[in-house]
Protein chains: 4
Amino acid sequence: MNTAASLPEDARPRRRSERARLAILRAANELLHENGLDQFSIEGVAARAGVGKQTIYRWWPTRAVLVADALLDRDDLVPTSPPQTGDVSADVSAWAGDLAAALGSARGAATLRMLTAAATDNPEISRKLHEKFSGPIQDGALARLAGAPGLTLDSAERRITVDAIIGLIVFRVLAHQEVRSSDAVALARGLLTGLSLEDPLRATRG
Amino acid sequence: MNTAASLPEDARPRRRSERARLAILRAANELLHENGLDQFSIEGVAARAGVGKQTIYRWWPTRAVLVADALLDRDDLVPTSPPQTGDVSADVSAWAGDLAAALGSARGAATLRMLTAAATDNPEISRKLHEKFSGPIQDGALARLAGAPGLTLDSAERRITVDAIIGLIVFRVLAHQEVRSSDAVALARGLLTGLSLEDPLRATRG
Amino acid sequence: MNTAASLPEDARPRRRSERARLAILRAANELLHENGLDQFSIEGVAARAGVGKQTIYRWWPTRAVLVADALLDRDDLVPTSPPQTGDVSADVSAWAGDLAAALGSARGAATLRMLTAAATDNPEISRKLHEKFSGPIQDGALARLAGAPGLTLDSAERRITVDAIIGLIVFRVLAHQEVRSSDAVALARGLLTGLSLEDPLRATRG
Amino acid sequence: MNTAASLPEDARPRRRSERARLAILRAANELLHENGLDQFSIEGVAARAGVGKQTIYRWWPTRAVLVADALLDRDDLVPTSPPQTGDVSADVSAWAGDLAAALGSARGAATLRMLTAAATDNPEISRKLHEKFSGPIQDGALARLAGAPGLTLDSAERRITVDAIIGLIVFRVLAHQEVRSSDAVALARGLLTGLSLEDPLRATRG
DNA sequence: TCTTAATCGAGACGGTACGTCCTGTCTTGTG
DNA sequence: CACAAGACAGGACGTACCGTCTCGATTAAGA
């Protein structure tokens with residue numbers, strides 16, 4: 001966890017109790033993964049964390065914000081960036097596979113679903129989620145593509161490529177369908193080898 | 001709406017009031033789009049529909065199920081199938097563009113976000129959502145691909161192709177990012193022309 | 001039970017089902033004595049009696065009326081009249097003792113309490129209760145007193161005497177206090193021997 | 001009202017809002033006397049008192065307990081004790097007359113009926129009612145009798161005497177019959193002059 | 001070192017909605 | 001036509017949380 005520094009936005013407020021803050025985030029995380037988003041309540045967090053409700057309301061404006069903060073308070077969540085070997089296609093494919101594995105795991109899928117739901121009615125949460133979650137993921141992959149020699153995709157095309165890969169994974173997770181890393185890898189490879197899916201895969205196998 | 005016959009699954013229960021059923025679905029739809037999912041309450045629906053709460057609880061086990069039923073009770077929701085000209089790539093691209101337009105519209109996006117959130121804690125809802133929403137969309141596109149002469153994608157590859165296109169759109173909607181039809185079209189074309197994105201688009205423009 | 005003739009007020013309505021009527025009164029009685037007045041519901045009676053709710057509402061205007069009818073539908077409830085030996089004091093004392101025993105029993109006390117509560121908000125029930133329950137009790141004792149040679153109580157005084165005896169018993173029952181027959185007997189004797197309580201009892205013992 | 005100090009039994013619970021407590025008791029009283037016990041609802045009290053329902057449920061376990069507390073929260077309810085002139089018979093007769101007047105009044109009768117009904121299913125309420133209502137009434141009269149020189153009634157006989165007087169009044173109130181003070185006075189005098197009703201009353205008039 | 005003001009735990013408060021139970025009315029076959 | 005069955009509009013139940021509001025009791029500056 002990157003708990004110690006997760007609110008450095010504008011100099012952590014004076015005299016805030018670190019003990020309380022950690023207990024709240026930990027309790028929130030546990031309760032979200034134990035009971036799901038529907039059952040999640042501020043009172044439940046306060047009770048589990050051994051904290052007064054006011055202490056939560058003092059620092060988090062909204063249930064949804066607390067949910068987002070609690071779920072995002074983990075830096076082990078996703079592989080942010082592709083590796084940097086010479087082979088763009090291989091690097092991005094590897095990244096796609098890792099991302100699928102991370103978000104396809106039980107915990108990763110649950111987290112993604114709850115984050116998505118928390119952001120539904122709330123563009124503010126959505127912004128924060130993008131800033132700390134989807135943004136870094138996109139940026140890592142985009143940077144890898146941007147720096148690739150011999151790849152002539154323009155900016156819009158690079159975004160489409162990356163979002164298609166992420167989208168495949170996200171869609172399957174949200175649809176409660178199985179997420180196979182190999183599918184994400186196949187998609188990445190197909191999008192980057194300059195050929196449609198049908199041929200490169202053929203080639204790979206044959 | 002296909003309200004009149006939307007639940008003929010196994011002989012509508014005994015002497016259920018059609019009047020009440022329609023009023024409930026209509027009220028739920030209105031309230032969802034007026035106030036969003038957070039503010040949505042069974043009591044609100046009952047009041048707006050002029051119906052007792054028990055009448056809702058009698059037929060819908062859960063808030064989430066009602067949300068799903070209400071939102072899905074519209075057959076104008078999405079373009080289910082691609083056209084059937086001779087050109088697969090063109091047909092699927094057209095379908096992708098239409099889908100992006102439908103889900104990218106304010107109402108479509110709101111519906112998609114609320115459906116997703118409603119399904120978060122609830123695989124049962126997810127199943128229903130797939131059955132009536134994502135399933136038909138996938139199937140339409142898959143069928144078009146399956147019947148295409150000269151296309152050598154196997155079943156898994158066809159699914160990847162379709163889900164990447166849907167995923168791109170869904171991801172952007174849920175991330176509160178702009179959904180351009182042209183992006184979906186570009187992705188479809190790139191996946192189906194046997195070339196990477198970089199070339200065909202080049203060619204199209206140049 | 002005097003069930004067969006308990007509604008002869010104005011020629012039992014045409015085509016009324018005797019089976020249903022009896023089942024309802026029996027079920028109501030059972031439920032009242034099993035669960036008490038608070039838990040008593042029309043639906044409960046309908047279910048236990050194997051009867052539609054409408055059948056109850058068709059013949060009983062109100063929950064309270066049904067309660068009264070059900071509880072009063074027993075002629076074993078109380079000893080209506082004193083015996084008629086030559087000795088007024090002895091006869092009335094015997095009656096008082098019997099009444100105390102009847103209303104002091106668990107079942108009698110429960111019945112009395114529930115009847116009283118049912119009549120609280122409802123003078124109509126109160127009237128019916130008097131007509132079928134307290135009235136006959138009072139009348140029997142009043143008649144015995146009225147016909148007694150050598151007793152010079154006027155009508156108002158006879159009512160006071162009788163109501164004091166009934167009142168002692170009723171008060172103790174409603175106060176959840178023990179009701180001893182001997183107390184009722186002592187009161188009756190005291191009121192009728194022309195002496196205060198202190199002497200005749202003294203005399204009796206000494 | 002003795003509202004300010006009516007619950008000092010064992011140190012009023014922590015930081016209970018006196019404002020809310022008073023508003024609740026006042027609202028309950030008003031609603032009981034306006035609409036009767038049948039119509040009485042916790043929600044109605046909460047609304048009238050400007051209070052959340054939970055605040056009522058936090059301090060009163062049951063509708064019946066609230067009814068009892070509200071109705072008993074008045075020390076003007078009844079004349080607790082007989083006067084103390086030298087003449088027992090006169091003192092107790094005066095007390096009996098006052099009691100009949102108090103309980104025979106519209107408000108007194110309504111209160112008595114509602115208290116009785118509230119205690120029907122609930123020995124706990126009955127106990128509280130006795131402790132704060134019937135108990136003090138009995139005790140006052142019993143004490144007057146106990147201290148009377150020349151009166152040789154034993155303890156049981158004193159209770160019978162007192163309960164007969166109270167019982168006469170209570171019975172008539174609950175039976176929705178007229179309660180004349182003169183009747184209570186006559187009974188008291190008859191029971192205490194060492195003579196039956198027939199003579200002393202004769203003597204009084206003649 | 002002492003003061004003092006913000007933060008803490010606790011939890012009562014006015015509210016809203018929950019999901020259940022029951023009311024009294026109604027509608028639909030059955031006998 | 002009364003009946004068993006049970007859906008209906010409505011309303012109260014008792015519970016769970018919401019977000020706000022006191023209360024002392026820490027507790028970490030700054031005087």
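Labels below follow one simple rule: chain letters A, B, ... track the order of the sequence lines, proteins then strands, and each chain is numbered from 1.
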If we check side chain to side chain contact (heavy atoms under 4.5 Å, CB included) with D/Val67, which of these qualifies: D/Thr62, D/Leu31, D/Leu32, D/Asn29? D/Leu32

side-chain hydrogen bond (donor to acceptor under 3.5 Å, both in side chains) partners of C/Arg58, counting only residues at least two apart: none

Who are the side-chain hydrogen bond (donor to acceptor under 3.5 Å, both in side chains) partners of B/Glu30, not counting sequence neighbours? B/Arg26, B/Arg48

Check the distance between F/dT15's P and D/Ile42's CD1 and give it to me in whole angstrom. 11 Å

If only side-chain N and O atoms of D/Trp60 are considered, is one of them under 4.0 Å from the OP1 or OP2 phosphate oxygen of F/dG14? no

Under the 6.0 Å and 45° cation-pi test, does D/Arg15 pair with D/Trp59? no

May I ask you to decide whether D/Asp69 forms a salt bridge with D/Lys128, counting only side-chain N to carboxylate O separations under 4.0 Å? yes

Could you pull out all residues at least two apart from A/Arg127 that satisfy side-chain hydrogen bond (donor to acceptor under 3.5 Å, both in side chains)? A/Glu124, A/Glu131

For residues 35-45 of chain D, tabulate all N or O donor-acceptor pairs below 3.5 Å that involve a side-chain atom, not counting sequence neighbours.
| residue | atom | partner | partner atom | Å |
| --- | --- | --- | --- | --- |
| D/Ser41 | OG | D/Gly44 | N | 2.9 |
| D/Glu43 | OE2 | D/Lys53 | NZ | 2.9 |

Residues from residues 32-40 of chain C lying under 4.0 Å of DNA chain F - heavy atoms: none

What is the distance, rounded to the nearest whole Å, between atom CD of B/Glu18 and atom C1' of F/dA7? 14 Å

D/Ser126: which residues meet the side-chain contact (heavy atoms from CB on, under 4.5 Å) condition with it, sequence neighbours left out? C/His176, D/Ala119

Atom-pair distance (CZ on D/Arg21; P on E/dA12), nearest Å: 16 Å

Mind checking what makes side-chain contact (heavy atoms from CB on, under 4.5 Å) contact with B/Thr116, not counting sequence neighbours? A/Thr116, A/Leu174, B/Leu112, B/Leu174

Residue-phosphate contact under 4.0 Å: D/Trp59 side-chain N/O, E/dC13 OP1/OP2: yes

Grab the N/O contacts between the protein and nucleotides 9-11 of chain F below 3.5 Å, and write none if there aren't any.
| residue | atom | partner | partner atom | Å |
| --- | --- | --- | --- | --- |
| F/dA9 | OP1 | B/Arg19 | NH1 | 3.2 |
| F/dA9 | OP2 | B/Gly52 | N | 3.4 |
| F/dA9 | OP2 | B/Thr55 | OG1 | 2.9 |

Rounded to the nearest Å, what distance is computed from the CG atom of residue D/Leu66 to the C1' atom of nucleotide F/dC13? 14 Å

Whole angstroms only, please: what is the CZ-C1' distance between B/Arg63 and E/dT16? 14 Å

Listing time: all N or O pairs from protein to nucleotides 3-5 of chain E that are below 3.5 Å?
none

Can you see whether B/Trp60 has B/Arg16 sitting over its ring - NZ or CZ less than 6.0 Å from the centre and within 45° of the normal? yes

If I take atom CD1 in residue A/Ile56 and atom P in nucleotide E/dT7, what distance separates them, rounded to the nearest angstrom? 16 Å

Would you please name every residue forming a side-chain contact (heavy atoms from CB on, under 4.5 Å) with D/Ala23, sequence neighbours left out? D/Ala49

Among the candidates F/dC3, F/dG19, F/dA7, find the nucleotide nearest to the side-chain atoms of A/Tyr57. F/dG19

